[in-house]
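These notes concern the structure reproduced below.
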Amino acid sequence: MSDPVGKLPSELDQLPDRDTEETAEWAASLDAVAKAAGTRRAEYLLRRTLQHAEAAGLALPKLLETDYVNTIPTSAEPEFPGDMEMEAKITAWNRWNAAAMVTRGSKYGVGGHIATFASAAWLYETGFQHFFRGKEADGSGDQLYIQGHASPGIYARAFLDGRVSEQQLDNFRQESGGNGLPSYPHPRRLPWLWEFPTVSMGLGPLSAIYQARFNRYLQNRNIKDTANSHVWAFLGDGEMDEPESTAALALASREQLDNLTFVINCNLQRLDGPVRANFRVVQELEAQFRGAGWNVIKSLWGSAWDELFQLDTTGALVRRLREVPDAQFQTYATRDVAYIRQHFFGANAELVQLAGVLSDAKIAECFHSSRGGHEPRKVYAAYKAALEHKGAPTVILAQTVKGYTLGAGFESKNANHQMKKLTIDEFKDMRDLLGLPIPDSAFADGVVPYGHPGANSPEVRYLNERRAALGGPAPARKVKHVALPAPADRSFAPLIKGSGKQEMATTMAFVRLVKDLMRDKETGKRWVPIVPDEARTFGMESLFPSAGIYSPLGQTYEPVDRDQLMYYKEAKDGQILNEGITEAGAMADFIAACTSYATHGEPMIPFYIFYSMFGWQRTADQMWQLADQLGKGFIVGATAGRTTLTGEGLQHADGHSHLIASTNPASLNYDPAFAYEIAVIVKDGLRRMYGEKPEDVFYYLTVYNEPKVQPAMPEGVEEGILKGLYRFNEASSLESAPAADAPKIQLMASGTAIHWALEAQQLLAADWNVAADVWSATSWGELRREALECDEALLRGEVRTPYVTRALEGVTSPVLAVSDWMRQVPDQISQWVEQDWTSLGTDGFGLSDTREGARRHFGVDAQSIVVAALAQLARRGEVPASAIKEARERYGL
């Protein structure tokens, strides 16, 4: 048999053919089928053969796309275990109240979304009635990532079960009075209900994957039995355009996270219009997930379509469904039957013949409303199959109509995401459609009423019985505080006493501290080191053999460095999460670990270390997600500052992360200069986050890669370290101290800049007879936070003096602040400094150079500090103006 003309070589050409005659017979058979029965029949046989091979476990590439039909046919659906009529009544009440609360709130102009929950109601209700495990049973229950725009439906259900009052519904999106409901899932705003903030689209699916992965981490490390916890993530098909939504699909399949299910509500609409106007988003998503190794279940068509598929003896209907783009199908959902007959069935003679035996009512039902996501039996079948599938995560692609049951003015309309209310007449039509016993008289003064069947009604009893059987209310967030004992002081002692003559970067000091803390008998196992594939950059390779790198497979190979002391060790119970090159993935890991105290009742102590440039700049949205979720842990920006990472240049030069971090109210931001400061900050952080009275905060520490001698901690500086400022070295302590009447200045520095300030202190004394005291500013942000609190207290009539003002009390000389950050970082506190103030910083883009060259370029090195100090004193008349020019010439500036 000759090869086809133009045939490209393939991998099969590299494999030996042990029976060329048999191969030729298979090819000839296929040719014969195509010739006798047509190419469509040949395609069908090939697809069925591949499906059979996959089911038989043969090692063949999977089909990336299946027909545009339900994965589970009606004949294979399991028996529905609940009272479908009762569940329909419950769902109807939830639909009504979700629409009512948004409509009633619209008179205040606060907005809200109606159409999303209307399309997804059965996706949630079926889960609540039969699948979602609560937290009152054994274990941790399930973790539910609710689609943000569907929140009104969740509030409506909480109203039905008595957890939310009518007053709270009326205060939807009006929280300032103290009895309102946040617009979207926000644990910080409603911590008894919401576990996961999800409305920053794309972060929900990413976090769900890493949450499922962290559940396995806890299990494999024997910290918590999470075998019965399942992660459910509810998403919109439009949301899947966010790169974060699909960023970790391969991780989920690679680690066989069958404790994870994505439910994608495919209503074919995003915020402004069709998701894939000229294409088919369901097929695209199927290919994407199947290609990544996920189990895919499609629930597209309601039972009304069964008759059509039975009549489709030639496959014409299935082929037509596969070729119609999303936008056209949305049009069918809003047009009359005549239009559908002409434009859908009129595509070919086979479909015209099929349509000829269908009634107008049947066609209208199929194209206007009959979708798999609107039928509890089909949703139940998909969920059950997802839980029973082992060895891979599952995605359910459920097709729905956006705005379903809200009336023709809403359903499938491009603008329905922005439509905030229904008219009274539309509500009455909706009432009649849902069969709710709400009389016309209830619409007093044109206000739509809330509906409730009564606390002792059959609907509420049924709802409560089902939730009791599944382990209590859901969603729900329950925190049972477990205080961790403080680590022994011996872990902190090496940093407190200093490094002697040995030089050590503060990055290494932090890593050494954590390594010692991980040996603590009480809390050592609770540390979770997280790093995005740069552990060796930060000197963490010593942790590899001792703590191990987490892998659910263990180590299936012999590492190339096995004979070395610090070899690359992976283990099923490994403690380190080394994520690869993904700051977003590492941050999602961090969030899961930071909130384990609430999710699983197991407080963990994560520290996430990364290039400071690639933290707040690249993943700040996740930092806000962490704050929303009330996470606790240490974020460590290593190789910090704009001038310390020699030669790397602009892309690696961070001069602004502290400024971004300062915008987050839950982030406590420190820029320690010395190892002992790190010890004091970490020790207090453990107390504040994990002690008897835990706070919902997290820490951002910046550490540097510049080796320096680390001094021992002076006495009495702990308070200043934690509050953000203390005097480290007075001019009078210098060997050649300036005269008592010499001009004075205060040099205030943070992080690695303390060393330039100390050198400038020496130069000012030796060359210019200027006395400079050097202050360590461990946290510009904490100084500002405390000062703002004092300002707020003043508005209440309480007079409080900010700490920074008190610390400088009695100082008459000016202040010069310097750091390896842009000037706006230290300038945060300038308004509370009563002395003359100026600052130096690294504003502008970074550049590749030596440390010395970069610092001279930005004007923050010791010599530049001296010139700036002299200029400040010259303005006060305390040194001659000529000293400025003389200094510049002397130092070559």
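Reckoned from all heavy atoms, side chains included, excluding hydrogens, waters and symmetry mates.
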Seminar exercise, completed: Output for pair (Ile678 CD1, Ile496 CD1), nearest 0.5 Å, gives 10.5 Å

Problem set entry | Arg688, CZ atom: more than 12 neighbouring heavy atoms under 6.0 Å | yes

Exercise. Going through the distances and angles, do Asp489 and Lys683 end up as a salt bridge (charged side-chain N to carboxylate O under 4.0 Å, His left out)?
Worked result: CA-CA 9 Å; Asp489 286 341; Lys683 184 176 183 179; 2.8 Å; yes

Exercise. Strictly under 6.0 Å, is that where the ring centroids of Phe674 and Phe728 end up?
Worked result: yes

Exercise. Are side-chain heavy atoms of Trp832 and Arg784 found at a separation under 4.5 Å?
Worked result: yes

For this session: Measure across Glu579 and Ala586 and return the closest heavy-atom pair with its distance rounded to 0.1 Å.
Result: CG-CA, 3.8 Å

Seminar exercise, completed: Heavy atoms of Trp616 and Ser667 approach each other most closely as CZ2-OG, 3.7 Å

For this session: Please test Leu645 against Met613 for side chain to side chain contact (heavy atoms under 4.5 Å, CB included), starting from the C-alpha separation and ending with a verdict.
Result: CA-CA 11 Å; Leu645 193 55; Met613 185 68 171; over 6 Å; no

Exercise. Relative to each other, are the rings of His652 and Tyr611 parallel, tilted or perpendicular (30° and 60° limits)?
Worked result: perpendicular

Exercise. Is any side-chain heavy atom of Val636 less than 4.5 Å from a side-chain heavy atom of Phe538?
Worked result: no

For this session: Assign the ring pair Trp768 / Tyr891 to parallel, tilted or perpendicular, where the plane angle (0 to 90°) is split at 30° and 60°.
Result: perpendicular

For this session: Look at the side chain of Thr850 and the backbone N and O of Gly853, then say whether any donor-acceptor pair between them is shorter than 3.5 Å.
Result: yes

For this session: Decide yes or no for Phe607 and Pro529: does some side-chain heavy atom of the first lie under 4.5 Å from some side-chain heavy atom of the second?
Result: yes

Exercise. Can you tell if the side chain of Ser864 reaches within under 4.5 Å of the side chain of Phe858, non-hydrogen atoms only?
Worked result: no

Problem set entry | Shortest non-hydrogen contact from Ala807 toward Trp775 | O-CH2, 3.4 Å

Problem set entry | Gln617 CD: over 12 foreign heavy atoms closer than 6.0 Å | yes

Exercise. Is the backbone of Ala731 close enough, under 3.5 Å, to the side chain of Asp773 for a donor and an acceptor to pair up by distance?
Worked result: yes

Exercise. Thinking salt bridges, do Lys632 and Asp696 make one under a 4.0 Å N-O criterion?
Worked result: yes

Exercise. Are Leu795 and Asp791 side-chain neighbours, meaning at least one heavy-atom pair lies under 4.5 Å?
Worked result: no

Exercise. Are any of the side-chain heavy atoms of Leu495 and Met713 separated by less than 4.5 Å?
Worked result: no

Problem set entry | Tyr803 side chain to Leu725 backbone, donor-acceptor under 3.5 Å | yes

Problem set entry | Leu783 to Val804 - nearest heavy-atom pair and separation | CD2-CB, 4.1 Å

For this session: State whether a side-chain donor-acceptor pair under 3.5 Å links Asp671 with Thr702.
Result: yes

For this session: Please lay out, stage by stage, how Leu203 and Glu242 fare under the test side chain to side chain contact (heavy atoms under 4.5 Å, CB included).
Result: CA-CA 9 Å; Leu203 299 190; Glu242 288 283 6; over 6 Å; no

Exercise. Do Arg526 side-chain atoms and Pro603 backbone N/O form a donor-acceptor pair below 3.5 Å?
Worked result: yes

For this session: Would you confirm whether Gln828, through its side chain, and Val825, through its main-chain N or O, come within 3.5 Å as a donor-acceptor pair?
Result: yes

Exercise. Below 4.5 Å, heavy atoms only, C-beta onward: do Phe610 and Thr619 meet side chain to side chain?
Worked result: no

Seminar exercise, completed: Nearest heavy-atom approach of Leu870 to Val770 is CD2-CG2, 4.2 Å

Problem set entry | side chain to side chain contact (heavy atoms under 4.5 Å, CB included) evaluation trace for Val818 with Leu747 | CA-CA 8 Å; Val818 61; Leu747 302 180; 6.0 Å; no

For this session: Could you tell me whether a side-chain N or O of Glu677 sits under 3.5 Å from a main-chain N or O of Thr778, the two making a donor and an acceptor?
Result: no

Exercise. If only atom types and distance count, is the side chain of Glu648 paired as donor or acceptor with the main-chain N or O of Ala653 below 3.5 Å?
Worked result: no

Exercise. Side chains of Pro694 and Tyr597: does their closest heavy-atom pair fall under 4.5 Å?
Worked result: no

Problem set entry | Pair Arg806 + Glu809, salt bridge at N-O below 4.0 Å | no

Exercise. Distance from Met822 atom CE to Asp654 atom CG, nearest 0.5 Å?
Worked result: 10.5 Å

For this session: List the steps, then state whether side chain to side chain contact (heavy atoms under 4.5 Å, CB included) holds for Asp827 with Trp837.
Result: CA-CA 9 Å; Asp827 284 350; Trp837 171 275; 3.0 Å; yes

For this session: To the nearest 0.5 Å, tell me how far Gln625 CD sits from Phe590 CZ.
Result: 12.0 Å

Problem set entry | Gln622 (side chain) donor-acceptor with Ala584 (main chain) under 3.5 angstrom | yes

For this session: Kindly write out the residues that satisfy ring pair (Phe, Tyr, Trp, His ring centres under 6.0 Å) with His186, not counting sequence neighbours, or none if the list is empty.
Result: none

Exercise. Within a reach of under 6.0 Å around CZ of Arg188, are more than 12 heavy atoms found that belong to other residues, nucleotides or ligands?
Worked result: yes

For this session: Evaluate whether atom CD of Glu735 has more than 12 neighbouring non-hydrogen atoms of other residues, nucleotides or ligands under 6.0 angstrom away.
Result: no

Exercise. Would the number of heavy atoms belonging to other residues, nucleotides or ligands and lying under 6.0 Å from CD of Gln824 be above 12?
Worked result: no

Problem set entry | From CH2 (Trp780) to OG (Ser830), nearest 0.5 Å | 10.5 Å

Exercise. If you round to the nearest 0.5 Å, how far is CZ of Phe698 from CE of Met689?
Worked result: 10.0 Å

Exercise. At their closest point, which heavy atom of Tyr700 faces which heavy atom of Ala661, and how far apart are they?
Worked result: CD2-CB, 3.8 Å

For this session: For Asp820 and Ala753, indicate whether the former's side chain and the latter's backbone hold a donor-acceptor pair under 3.5 Å.
Result: no

Exercise. Is Arg855 paired with Glu706 through a side-chain N to carboxylate O contact shorter than 4.0 Å?
Worked result: yes

Exercise. Quick one: does Asp684's side chain have a donor or acceptor within less than 3.5 Å of a partner on Leu686's backbone?
Worked result: no

Problem set entry | Geometric cation-pi criterion, Arg642 with Phe845: 6.0 Å, 45° | no

For this session: Output the distance between atom CD (Gln762) and atom OG (Ser736), rounded to the nearest 0.5 Å.
Result: 8.0 Å

